[in-house]
S.K.: 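Shown below is the structure under consideration.
Convention: sequence-line order gives letters A, B, ...; per-chain numbering from 1.
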Amino acid sequence: MTAADQPLMSARGVRKHFGPLEVLKGVDLDVHPGEVVVILGPSGSGKSTFLRCVNHLERIDGGSVTVDGELVGYEQRGGRIHRLPERRIARTRRQIGMVFQHFNLFPHLTVLGNIIEAPVGVLREPRAKVTERARVLLDKVGLADKADSFPRQLSGGQQQRVAIARALAMRPKLMLFDEPTSALDPELVGEVLATMRDLAADGLTMIVVTHEISFAREVADRVVFMDGGTIVESGTPAEVLDRPTNPRTRAFLSRFLPAGQPAA
Amino acid sequence: MSTVAQKAPATRAADDRVAGVAEPVDVAHAVPQRHPLQWVATVVVAVLAAQLIHMLVTNPNFEWDVVLRYFNTESIGRGLWTTLKLTVIAMAVGIVLGVLLAVCRLSTNWLLRSLAALYIWFFRGVPALVQLIFWFNLSALMPRVSIGIPFGPEFTHWETNALITPLLAAILGLGLNEGAYMAEIVRGGLMSVDQGQTEAAQALGMSRTRTLFRVVLPQAMRFIVPPTGSQVINMLKATSLVSVIALSDLLYTVQSIYNRTFQTIPLLLVACVWYLVITSILYVGQSFIERHYARGSNRNAPTRYRDVLKIRRKPAVARVEVPS
């Protein structure tokens, strides 16, 4: 296998249950470098849980997740699988950025403080260098003048763009977006999606869980539809969104299409 | 404005009669709410206060001249110094222990969790006075303390009596006890921080320790500082327990003077006024610390003391920056 066709993220038979509830029933997914994969699905389908398994915020009960050729959360040693200590898992997470539905910015730090915290404290990069990079990133997400504001002084859309800049400051190989626009007022969704569109155009590898069908159609290289803890359909946006073969995909999409407009 | 307001009703009254609204309502010039009972209560309180002050000044039994004479004496100063020193050291021990115990109690390691729970159960359950006497009399239990291989040879040893001075016994007794109470306060604070904060820190690759000290604890401080302020004031007064192990703190000094001079009331007043002075200073200090940790907690969080005063005086007008 050459480096070019090796997937950046590879999930094989990922299973996860919360108590008696089986949330993931064996999920297989490959994401290649530079690819943008959008995961759609009704609530409770396990799409957010799957995303949280990719960076080991949730420990998986079966199967495996590999990022950049390395097992996430585990290690193969002497023919057996060992669970990694927290310290090693943290190291893996440094190359995986994550953007949350509720932003989860650190409210006691300024915007700039939020962005430079991890590169300075975790990667031990010089503060001046990181600050410079943070300002470039803030400029990129259109918030150059908000560096010294506190998160609560910003609108939801601005906070989410800061959260994106914070994740990017770690220079991740892979970015996970967990319903990044679901907590936003409708008029603020556009600015966040525009930022994500720019990142996709820059060639960033992204896995996006969202309900924004138009974003999926426009930006995704591949759309994956999840239901009941499994992937039921996967393909190009045109295949999945316009000619869905699975009845559950069709039922789900029909709720998002404006009345009177044909599926194509 | 006023001419419009007068003209409008005449022309529009007929149209609006059904709705019952004659003109646009502007509440900006509303008559303030009247509180007549509040005025009556104020007068009553003022009379009572005047009576109290009159009594304090004219009643000769308070012996204010004695209070003044002893207020600045050297022995009172030494007692005060012991009280302050003990309060600061015992609180410092308590806070450090409290953070450690709280982290252990929230740990995923069952051994740490149970040990912390056991500690808190024991040190909260046994009266502080008993703990003080216990540490002071440790030599009765263990005449010497040694370091060595368990159940094997010892490398070095000390006489317990030489090791445990009254001051150390007081610090151990009060500090270890305080640690148990602080642990629960810190634990409450840590649990009040949103789980999403920890997840965001983890997703950025931060270690557990870094997440705790850089992300969770600074936010928990807002919930930890107010009850800790109470604990400091409690500690200030709890130090008077050390009189049982022959340490002369403020209260003990005062007692030993009035046992000699029989001026009980004025000397107790000396101690009370000092306690109140220190409590007042602590109160101001606490409000500064609280403001520091309130940074970013709301949209108009004041960052300077002047701004705090301004907002308290005119709560109705808050500047809200409209995000672009």
Side-chain angles (χ1 to χ4, degrees), chain A residues 51-52 54-58 85-111 113-115 117-123 142-143 145-146 149-159 163 166-167 169-170 172 175-176 178 188 191, chain B residues 103-104 106-110 112-113 189-190 192-225 289-304 307 311 318-324:
Chain A
L51 204 66
R52 292 161 59 83
V54 172
N55 69 350
H56 211 74
L57 280 185
E58 303 286 355
E86 195 64 32
R87 193 167 28 85
R88 295 276 304 277
I89 299 173
R91 203 175 300 162
T92 312
R93 287 190 185 122
R94 286 171 204 170
Q95 30 185 349
I96 309 170
M98 186 160 196
V99 173
F100 297 86
Q101 182 177 356
H102 296 288
F103 332 133
N104 297 356
L105 290 178
F106 305 135
H108 60 299
L109 299 178
T110 60
V111 164
N114 265 278
I115 298 174
E117 176 61 35
V120 171
V122 176
L123 301 179
L143 294 170
D145 56 331
K146 297 292 183 189
S149 303
F150 282 97
R152 294 231 169 95
Q153 295 168 326
L154 305 179
S155 73
Q158 291 172 327
Q159 287 191 49
R166 176 175 72 175
M170 293 292 283
M175 278 283 278
L176 311 174
D178 186 9
L188 302 178
E191 58 186 65
Chain B
V103 172
C104 288
L106 297 173
S107 152
T108 48
N109 182 323
W110 72 267
L112 287 179
R113 224 167 37 227
L190 293 179
S192 67
V193 177
D194 179 32
Q195 183 63 29
Q197 293 291 310
T198 310
E199 286 184 0
Q202 282 181 335
L204 286 167
M206 290 193 205
S207 67
R208 275 172 193 273
T209 321
R210 192 168 183 86
T211 303
L212 175 69
F213 285 105
R214 294 290 300 178
V215 176
V216 180
L217 202 50
Q219 295 181 60
M221 287 306 274
R222 288 190 56 224
F223 302 93
I224 294 174
V225 170
I289 297 174
E290 276 180 32
R291 258 202 323 283
H292 172 77
Y293 286 110
R295 268 178 15 135
S297 62
N298 69 59
R299 285 195 148 194
N300 317 290
T303 45
R304 291 174 307 171
D307 298 346
I311 284 179
R319 253 178 291 119
V320 178
E321 191 191 344
V322 180
S324 54

S.K.: Please look at I96(A) and chain B and tell me whether the side chain, the backbone, both or neither of the residue comes under 4.5 angstrom of a heavy atom of that chain.
M.R.: backbone

S.K.: With side chain to side chain contact (heavy atoms under 4.5 Å, CB included) as the test, pick out the partner of L204(B) among M98(A), R166(A), R94(A), R93(A).
M.R.: R166(A)

S.K.: Can you tell which part of I89(A) gets under 4.5 Å to a heavy atom of chain B, answering side chain, backbone, both or neither?
M.R.: neither

S.K.: Does any heavy atom of chain B fall under 4.5 Å from the side chain of Q95(A), the backbone, both, or neither of them?
M.R.: neither

S.K.: Using a 3.5 Å distance criterion without hydrogens, assess whether the side chain of N104(A) forms a donor-acceptor pair with backbone atoms of G196(B).
M.R.: yes

S.K.: Of all heavy-atom pairs between V122(A) and G205(B), which one has the smallest distance, and what is that distance?
M.R.: CG1-O, 3.5 Å

S.K.: Check each atom of R210(B) against the heavy atoms of chain A and say whether the ones under 4.5 Å are side chain, backbone, both or neither.
M.R.: side chain

S.K.: If you measure from CD on Q195(B) to NE2 on H102(A), what distance do you get to the nearest 0.5 Å?
M.R.: 13.5 Å

S.K.: What is the minimum heavy-atom distance between A200(B) and F100(A), and which atoms define it?
M.R.: CA-CE1, 3.6 Å

S.K.: With a 4.5 angstrom heavy-atom cut-off, is it the side chain or the backbone of H108(A) that approaches chain B, or both, or neither?
M.R.: both

S.K.: Looking at every heavy atom in both Q202(B) and L57(A), which two are closest together, and how far apart are they?
M.R.: OE1-CD2, 3.4 Å

S.K.: Examine whether an atom of P107(A) lies under 4.5 Å from a heavy atom of chain B, and if so say whether it belongs to the side chain, the backbone or both; otherwise answer neither.
M.R.: both

S.K.: Roughly how far, to the nearest 0.5 Å, is CD of E86(A) from OG1 of T211(B)?
M.R.: 8.5 Å

